[in-house]
Every structure is written in structure tokens, then in C-alpha cells.
Amino acid sequence: MTISTHPKLGSLLYHSHHTVGVGHLVRALALVAALQTRFDVTFLSGGVFPAGLAIPPGVNFVQLPALMRAASGRPQSAGSDRPWTETMELRRAAVLAHFAHVAPAVVVVESFPFGHRLLMSELLSLLDANRHRAGGPARVYASIRDIMERDKDAPVVRRPGRQPGQPLLRRHSGPHRPALHHPGRHLPAQGAAGVPVHHTGFVTRTGPLTAPERDATPARPYLLASAGGGRVGGPLLRAVLAAYLASDLPRRVDLVVVTGPFLPEEECARLETTAARYANVKILRWTDDMRGLMRHAAGSVSQCGYNTTMDLLASGVPALVVPYHTPHDFEQSTRAAIGGRGLVRTLAPGALDEAALGRELAALLDFKPAHRA
């Protein structure tokens, strides 16, 4: 258990939500693990919390009625057949109840008002309750990741000279201005929004939150394939397995596939059925020490989500990234620009055929990242 050597500065309410992957969640857990040494932290989690991921010691965890994104892209209630709009109302009431109970000195929200606009009802209710709280409002921080893309759930109608979220930022600035944390270029300029912007650099955890899975690392050299949370990782993992088996790679390295906790069960079963025929292929549903697996791998094939990218760079593993990309989801393609610096190899999603991928896997074993060359 982590023991703070500092006096507590009061209560902190952290609002977090993830709908597709686990990057937002893992990043948020890294933040609250550090914050709990100085604050009494209450963590409101709005997505499906995957089995095998631990809550940092000392953090009061609250699971809100969960929302997820369906295959159609529309929001839906997780673990319930109630309409997602009813879930939204339950969430809003729960957020306000915990805000009143915790009486925080600090409130942290993620992305909003530049993202998570689907959650506008509960987040605006939280900010309004804070603004009118007897005794004065808590200090509010909006924690922003490296890349902000257009919100899929509530497209913003832009007016000349006005950036998305500016009115909300100005309304809730007051005596205690929110600080937007991001190291990228994807928010309005500081002067335009009238709100201070603090660049913190990338946020990542320094070790696993739980013990590594026993016997997860093969004795032979291995190639590692992963797809973050796994919800949209099926095509990549199937392609890697097929390309690996069709090449001479099995004579050189084993293959370890980490599916992610949200890969659909039928997709996982398909991979396991194929892998069962080959002694040098191992399927893991989840590991909380992905960075450790990367550090010992001969090479890594993955998408380019936030958390995966942090693990790739920290581990120094020779890496091939195939970013997930749709007209609305271009965050990973933008992040994959690190390939231009020689840090990783990249393959466009449209080039994900067996022959091209087989050539890339072979080349990966001879690739030396710029920071290791």
C-alpha cells in the first residue's frame, strides 16, 4: 500500500469515462494513483471496468451505470437492456450525489468540453452544482490527452472566430480557472480560449497495477501482437496470426497474442481454436504487464492507442503499428506519425493483407528503433 509522506490537501473527485478501449482508463488510474498521495480521491468510472485491472490502493472507486459503444457506433447501456437515455439520467443523479457527499476541493474531468459531449448532461450538472456550491466552488481541471478529435456523439457547429468549448470554459472559469492538460496541438490557443493551458507531457504508469500473469512469457524468442482493449482489434489480430502461420517465422520466433478484455467472445474463440493447433502460438485474454511483455519481445505488432504507444516507447521494443482509423476516429493515425522519426514502423490499415503483413513482420525482426540504434 502506498503511504503518503505529505499532509492531505482535501478531497478530490475524478470523473472518468471510456467507451471503446482502455487507454483513458489506464491513464486515469495512473493519475489517481499519484493524486491519492496528496488527496482523498474518489474515482467515478463511467465505462465497463475490465476484470484483472486493479484499483490503486487508497482510492475510493465508484462504478457509475456504465455506457459503451455498440458495433453500430451508437451508445448503449452496458450490462442492462434499459435505454441508454435512462442510464444517462441515473448517471447524472449518481454524479451529483457523490459530489455532494465528497464535497471536493478539486474536481477533475476528462476531455470535456472538447470531448465526451455525449456526457454533457451529467458534466454540466456537475459544473453547475460546483459553481453554485455554498462556501465557494472547487478548483476544476480538465485533463486532456495528446490528441483531440472531433466528438463523434455530438458534432460541434463552429462559428467564425469561436472554438468548440470556449463558452463553457469562460462560464466556469471564475476565480478558480480550469487548467487543460495536454502536450499536443489539438486545442484552441491559450489566448483564444482565455483559459490557462499547462503542458504536463505524457502521463503513463511506471509499473503494472497487478501482478503479471504467471508463465506469460515464453522461453523462446517471441513476437507480441496486441490490440489495446480489443473491442476493434479483431481484424488486426486475425491478420497477424494468419500472416505469421503462412511465413517461415514460426521457425524463428513464437507468437504471443494479447486479445484485450473487450475483444468479442466469438473473435477470441476463433483465435483460440486456431492457436490450439500450434505449440508456438499463445493466446492471452489480458495481461496487466504489457510493458514487461514488450520489453522481452523480439518485436511488437499493435494498433496505436495512447496507452499502447506509451508502452512501446517506454519498453523500446521494435514495433510495427497499424493504427485504427475511420472517418471519425483518426486519433491513432495522427499519433502514428512518430513513425516518421524512426521510433516505430507503420502500416496503413488499408494495406492489411496477408502478403504485406508477412513482409512487415519479417522486417520487424531486423528493425532497430531510433532510440535504440
Side-chain angles (χ1 to χ4, degrees), residues 216-260 263-264 266-285 287 290 293-305 308-309 311-313 315-326 329 332-333 335-370 372-373:
T217 306
R220 287 204 331 142
Y222 61 94
L223 188 67
L224 176 66
S226 62
R231 199 180 303 279
V232 294
L236 173 62
L237 298 181
R238 290 198 308 271
V240 170
L241 180 57
Y244 169 82
L245 294 174
S247 69
D248 68 346
L249 288 172
R251 294 186 300 177
R252 304 169 61 188
V253 292
D254 288 352
L255 176 65
V256 176
V257 178
V258 181
T259 67
L263 183 74
E266 61 273 16
E267 290 269 16
C268 190
R270 191 182 314 174
L271 291 172
E272 290 174 338
T273 298
T274 302
R277 301 197 296 266
Y278 302 92
N280 50 357
V281 178
K282 183 168 186 174
I283 307 295
L284 300 178
R285 195 71 165 116
T287 177
M290 180 65 75
L293 280 178
M294 288 181 175
R295 189 173 292 119
H296 296 99
S300 168
V301 187
S302 67
Q303 295 174 321
C304 204
T308 297
T309 304
D311 287 340
L312 292 175
L313 296 178
S315 67
V317 64
L320 170 68
V321 297
V322 186
Y324 176 70
H325 183 92
T326 73
D329 294 278
Q332 293 196 12
S333 296
R335 190 177 292 117
I338 61 174
R341 301 184 180 184
L343 299 174
V344 299
R345 294 177 66 88
T346 60
L347 180 66
L352 197 61
D353 62 85
E354 185 176 298
L357 188 54
R359 291 191 295 270
E360 285 293 334
L361 294 182
L364 179 60
L365 298 182
D366 298 320
F367 172 60
K368 291 185 178 180
R372 290 181 59 180

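Residues: numbered from 1 along the sequence shown. These numbers come from the heavy atoms of this one structure, side chains and all, not from hydrogens, waters or symmetry mates.
Arg270 CZ to Leu241 CG: the interatomic distance, rounded to the nearest 0.5 Å, is 11.5 Å. Atom OG of Ser300 sits about 7.5 Å away from atom CG of Leu364, to the nearest 0.5 Å. Atom CG of Leu255 sits about 7.5 Å away from atom CG of Leu245, to the nearest 0.5 Å. Between the CG atom of Leu223 and the CZ atom of Arg252 there is a distance of 10.0 Å, given to the nearest 0.5 Å. Between atom CG of residue Leu224 and atom CE of residue Met290 there is a gap of 5.5 Å, rounded to the nearest 0.5 Å. Rounded to the nearest 0.5 Å, atoms CG (Leu357) and OG (Ser247) are 9.0 Å apart.
Shown here for Pro264 and Gly230, the closest heavy-atom pair between the two residues is CD-O, 4.2 Å. The shortest heavy-atom contact between Ala298 and Leu365 is CB-CD2, 4.0 Å. Nearest approach of Arg341 to Ala370, heavy atoms of both residues: O-CB, 3.5 Å. In terms of heavy-atom proximity, Gly316 sits nearest to Pro369 at O-CG, 3.8 Å. Minimum heavy-atom separation, Gly260 to Arg285: O-NH1, 2.9 Å. Considering every non-hydrogen atom in both Leu352 and Pro235, the closest pair reads CD2-O, 4.1 Å.
Tested against Leu271, the residues Val281, Ile283, Val240 include a single side chain to side chain contact (heavy atoms under 4.5 Å, CB included) partner, Ile283.
Val317 has its side chain within reach of Leu312: a pair of non-hydrogen atoms, C-beta onward, lies under 4.5 Å apart. For the pair Met294 and Thr308, the minimum side-chain heavy-atom distance is below 4.5 Å. The side-chain heavy atoms of Glu360 and Val301, taken from C-beta on, include no pair separated by under 4.5 Å. Side-chain contact between Tyr222 and Leu293: present, with at least one pair of heavy atoms (C-beta onward) separated by less than 4.5 Å.
Residues satisfying the salt bridge (charged side-chain N to carboxylate O under 4.0 Å, His left out) criterion with Arg231, sequence neighbours excluded, are absent altogether. For Ala336, the side chain to side chain contact (heavy atoms under 4.5 Å, CB included) test picks out Cys304, Val321, Pro323, Thr346, with sequence neighbours left out. Every side chain to side chain contact (heavy atoms under 4.5 Å, CB included) that Ala227 has, sequence neighbours left out, goes to Leu237, Gln303.
With Arg345 contributing its side chain and Leu361 its backbone, the two residues share no donor-acceptor pair below 3.5 Å.
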Determine, stepwise, if the pair Tyr244 / Val253 fulfils side chain to side chain contact (heavy atoms under 4.5 Å, CB included).
-> CA-CA 10 Å; Tyr244 169 82; Val253 292; 4.3 Å; yes
